[in-house]
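Owing to the predicted nature of the structure, the values given are computational and were not obtained by experimental measurement.
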Amino acid sequence: DLPSRDLTSGATTTAMVRVSTFVGRAAELAVLERAFAGPTSAFIPVYGRRRIGKTELLRHFAAQHRTIFHVGKTAPAGLQLQEFLDEAARVLEEPLLAELSSTSWDKALAAAVSRWKGPGKLVLVFDEFQWSAGASPELPSVLQALWDKSWKRRNDVLLILCGSFIGFMEREVLGAKSPLYGRRTAQIHLQPFSFVESRRFHPRASIEQQALTYFLTGGVAQYLTAFDGQQSFRHNVERTLFDDFAPLSREPEFLLREELRDVATFYAVLMAIAGGAGSPREIAGGAGVAERSLHYYLEQLIQLGYVARRYPLTGQKPRRTQVRFVLDDALLRFWFRFVFPHKSFITQRGPAQSYAAFVQPQLEAWAGQGFERLCRASMPTILAKEGVSAGIEVGQYWDPTVQIDVVALRDDGVTELGECKWGRVSSAELQRQLAAKVAGYPNPANHTLRQHAFVKQWRGKAPEHFQVHTLDDLG
């Protein structure tokens, strides 16, 4: 059994409890283990959107090592400082630390680390670092001074700063204006699980059900665990999203209210994008926001990782007027399309009728959009299996006359174009559509163009002039 920890106050201790099954994250754990085993002190920022599994990753790592695990919160600085000292006293078995009359992070951190005599490194984890730093704005500078004057030379400290507000972490920890700039020895930008990894959460489900689950959860660990792989996709949606007491029914509200102010306007912007608005003018019109004010809301959502900018991919610098904004969070895409606009109906009619009224009629179209994203994400792996070693940039292309689902620009003079079909389609229809897409692509670099068809299932021999990839091939 793995060592366990009392995490009720937000800090790892030497007490032991059982830990749940841990899935994936082998590469990230390897980075942390190398840092721990290395000959010098290490400083690793870990960041990524909420619910992605950052805390679980660090808990799993901390279970193997002596760790002071401090979780920041929206609480006064003095309370957080005392909590850190209490937990440091327990972890290091130094009761006097808890009685230290310190009102500064400088003295508290220095006192805790000075008590560490090994063996190995002392791991210091600041989870939700944005809240600790918000209550104590001097904390990044304090850590910088301690690192430069002491910890770096001690060679027995592993400092991990973890945060969910991507913009904050990039600005206040990784950015050039941060006191901590240039001191990290590695960094982990934790990403959602891939489709292949996500399937491991529900190994007994059919691949189609695994795909639908992935399209809704986006590979976010906490959402994947909310689904039951032995139940149908419909049952899972009704149980987790269309029931007021369900685990995900109000998740987007919690996420947005925790990070943002004026959430009503953010809701309006997100609902406009979920409804198909992409340009600033369309979004502003759909949200009822002045276009000159929209930039603030979009930038906040981009920093949180919920919205992304997209441009048509040709290899040339795009024009600003070509930008589209998309919901980059799978759960938010589903929730703002099927749940939030229909709250009254869901409350009155219940989960089953709500699914039948709103999801079932649009299921194929919604799944098709998720399938397109999966196909784009799979393109580097497909080409790697072919032995392609050239650099690759993957995206889409659109203009007023053509929409191409998958574009992969290669550094070796080849561009891959793909059409994605979740529903049934004939070989002849695929050939016709691909030919139209190839003809409509501008190809400014005069690359060789290769054609791909992505389908849920395929029967029979693939045509010679384009490659066919099924859902099984992507999983």
Side-chain angles (χ1 to χ4, degrees), residues 21-29 51-53 190-237 240 328-331 333-334 359 363-388 392 394-396 404-408 416-425 427 430 434 450-463 466-475:
T21 301
F22 187 79
V23 177
R25 304 304 190 199
E28 292 84 358
L29 283 171
R51 313 298 195 247
I52 206 71
L190 203 63
Q191 300 293 336
F193 286 109
S194 68
F195 177 47
V196 173
E197 293 169 322
S198 296
R199 293 182 65 192
R200 294 174 57 190
F201 283 80
H202 309 116
R204 297 182 181 179
S206 69
I207 191 169
E208 182 173 342
Q209 182 173 332
Q210 290 170 334
L212 291 172
T213 301
Y214 180 72
F215 299 160
L216 194 154
T217 63
V220 173
Q222 187 165 321
Y223 305 158
L224 285 164
T225 58
F227 273 57
D228 183 347
Q230 300 186 55
Q231 299 291 335
S232 68
F233 177 74
R234 175 172 184 162
H235 176 87
N236 276 300
V237 170
T240 62
D328 214 28
D329 182 280
L331 182 67
R333 282 196 300 269
F334 188 94
V359 180
L363 182 62
E364 289 294 302
W366 168 81
Q369 293 173 353
F371 187 52
E372 289 176 15
R373 292 182 178 88
L374 172 58
C375 296
R376 287 191 287 272
S378 301
M379 203 68 212
T381 301
I382 290 170
L383 295 177
K385 288 180 179 178
E386 293 182 8
V388 175
I392 305 164
V394 181
Q396 304 165 264
I404 302 177
D405 299 330
V406 179
V407 177
E416 317 280 348
L417 302 179
E419 177 73 3
C420 307
K421 294 294 180 185
W422 180 255
R424 292 185 178 181
V425 63
S427 175
L430 265 180
L434 273 169
R450 297 176 67 203
Q451 303 176 38
H452 298 260
F454 297 86
V455 293
K456 185 164 53 174
Q457 295 177 324
W458 182 267
R459 294 177 180 173
K461 187 178 179 181
F466 62 86
Q467 295 183 45
V468 175
H469 311 279
T470 67
L471 183 58
D472 282 312
D473 297 328
L474 306 184

side-chain hydrogen bond (donor to acceptor under 3.5 Å, both in side chains) partners of residues 374-384, not counting sequence neighbours, each pair once: none
Side chain to side chain contact (heavy atoms under 4.5 Å, CB included) evaluation trace for Tyr214 with Val196: CA-CA 10 Å; Tyr214 180 72; Val196 173; over 6 Å; no
Is there side-chain contact between [X] and [Y], with at least one heavy-atom pair below 4.5 Å?
X: Met379; Y: Ile392; value: no
X: Val394; Y: Val407; value: no
X: Leu212; Y: Trp366; value: yes
X: Trp458; Y: Asp473; value: no

Contacts of type side-chain contact (heavy atoms from CB on, under 4.5 Å), residue Gln231, not counting sequence neighbours: Asp228, His235, Asn236
Any residue meeting side-chain contact (heavy atoms from CB on, under 4.5 Å) with Glu28, in chain and number order, not counting sequence neighbours: Arg25, Leu57, Ile188, Leu190
Only counting residues at least two apart or in another chain, list the ones meeting salt bridge (charged side-chain N to carboxylate O under 4.0 Å, His left out) with [X].
X: Arg333; result: none
X: Asp405; result: none
X: Glu197; result: none
X: Arg450; result: Glu386, Glu416

Run the ring pair (Phe, Tyr, Trp, His ring centres under 6.0 Å) test against [X] and tell me which residues pass, sequence neighbours left out.
X: Phe201; answer: Phe193
X: His452; answer: His469
X: Phe227; answer: none
X: Phe371; answer: Trp422

Backbone of Val23 reached by a side-chain donor or acceptor of Arg200 within 3.5 Å: no
Pairing residues for Glu364 by the side-chain hydrogen bond (donor to acceptor under 3.5 Å, both in side chains) criterion, not counting sequence neighbours: none
Residue pair Ser198, Thr213: steps toward the side chain to side chain contact (heavy atoms under 4.5 Å, CB included) verdict: CA-CA 9 Å; Ser198 296; Thr213 301; over 6 Å; no
